[in-house]
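Presented below is the structure to which this report refers.
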Amino acid sequence: EVQLQASGGGLVQTGGSLSLSCTASGFTYDDYAVCWFRQGPGKEREGVSCINLRDGTTYYEDFVRGRFTISSDNTKNTVFLHMNSLKLEDTAVYYCAAAAGYFDRAFYRNMGPPMPNYWGQGTLVTVSS
């Protein structure tokens, strides 16, 4: 059974930092990309960042590039999302998800985050002024 366990959400002030974790189990780790999505209040769910577990290729949406960093510890089957310089508009429930396959930079540039095969539960990030 595939499981994705997200954690690390909380309350933080604008300009602050927070790190999210996503621990995966039940699939061949290297054959997937793990992405973070988010859904803010009254908004549709949107992609944030992805990482190919095979080679660490990363993708960021423009609105987080330079502020967020995605990384993976394959020995622990865990993907991290380090969030810096948080803004009010970063307030959202953050979800991690896994997509089967390998996605190169051209794919990410043209298509954005791949459609996930599996979703984890969300973790709430609240940014306050």
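- Linking Ile, Leu, Val, Met, Phe, Trp and Tyr residues whenever their side-chain heavy atoms come within less than 4.5 Å places Val2 and Val79 in a single cluster.
- A single hydrophobic cluster is not seen to contain both Phe80 and Val64; linkage of ILVMFWY side chains at heavy-atom distances under 4.5 Å, directly or through other members, places them apart.
- Across Ser49 and Leu81, no two heavy atoms sit closer than the pair CB-CD1, 4.2 Å.
- Sulfur-to-sulfur, Cys96 and Cys22 sit under 2.5 Å apart at their SG atoms.
- Both Val125 and Tyr60 are part of a single hydrophobic cluster, where members link through side-chain heavy atoms under 4.5 Å apart.
- Here the closest heavy-atom approach between residue Pro114 and residue Ala99 is recorded as CG-CB, 3.7 Å.
- The minimum heavy-atom distance linking Ala97 with Trp119 is given by the pair CB-CE3, 3.7 Å.
- Atom CG of Leu53 is separated from atom CG of Asn74 by 5.5 Å, given to the nearest 0.5 angstrom.
- Looking at heavy atoms from C-beta onward, Tyr59 lies out of side-chain contact with Ile70 at the 4.5 angstrom threshold.
- For the 3.5 Å distance criterion, the side chains of Thr23 and Thr78 qualify, holding a donor opposite an acceptor.
- A 4.5 Å side-chain heavy-atom check between Thr57 and Asp104 finds every atom pair outside the cut-off.
- Taking the charged nitrogens against the carboxylate oxygens, Lys87 and Asp90 have no contact shorter than 4.0 Å, which rules out a salt bridge.
- In this structure, the side chains of Arg38 and Arg45 stay at 4.5 Å or more apart for every pair of heavy atoms.
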Evaluate the side chain to side chain contact (heavy atoms under 4.5 Å, CB included) criterion for residues Trp36 and Leu20: first the C-alpha distance (whole Å), next the side-chain angles of each, then the deciding distance (0.1 Å), finally the verdict. CA-CA 10 Å; Trp36 289 93; Leu20 306 181; 3.6 Å; yes
Going through the checks in order, is the side chain to side chain contact (heavy atoms under 4.5 Å, CB included) test met by Asn52 and Tyr32? CA-CA 6 Å; Asn52 285 336; Tyr32 281 79; over 6 Å; no
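- Atom-to-atom distance recorded for Gln13:CD and Ser128:OG is 5.0 Å, nearest 0.5 angstrom.
- The two atoms that bring Cys50 and Pro113 nearest to each other are SG-CB, 3.7 Å, heavy atoms only.
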Before you tell me yes or no, could you show the steps for Gln121 and Gln5 under side chain to side chain contact (heavy atoms under 4.5 Å, CB included), namely the whole-Å CA-CA distance, both residues' side-chain angles and the distance that decides it to 0.1 Å? CA-CA 7 Å; Gln121 93 293 357; Gln5 183 72 36; 3.2 Å; yes
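- Looking at heavy atoms from C-beta onward, Thr123 lies out of side-chain contact with Val93 at the 4.5 angstrom threshold.
- His82 places a side-chain heavy atom less than 4.5 Å from the side chain of Ser71.
- Gln39 contributes atom CD, which lies 12.0 Å from atom OH of Tyr94 (distance to the nearest 0.5 angstrom).
- Paired with Val127 under the rule side chain to side chain contact (heavy atoms under 4.5 Å, CB included), one option of Val12, Leu18, Leu11 passes, and it is Val12.
- Between Phe107 and Phe103, the ring planes lie tilted relative to each other; the angle falls in the 30° to 60° range.
- Looking at Glu61 and Tyr108, their side chains never come closer than 4.5 Å, going by heavy atoms from C-beta outward.
- Contact annotation: the side chain of Phe27 never approaches that of Asn117 to less than 4.5 Å [non-hydrogen atoms, C-beta and beyond].
- Using a 4.5 Å heavy-atom threshold, the side chains of Phe68 and Leu86 count as touching.
- Between the SG atom in Cys35 and the CD1 atom in Ile51 there is a gap of 10.0 Å [rounded to 0.5 Å].
- Closest of all the heavy-atom pairs between Asn84 and Ser17 is OD1-OG, 2.8 Å.
- Across every non-hydrogen atom of Arg54 and Tyr102, the tightest pair is NH2-CB, 3.8 Å.
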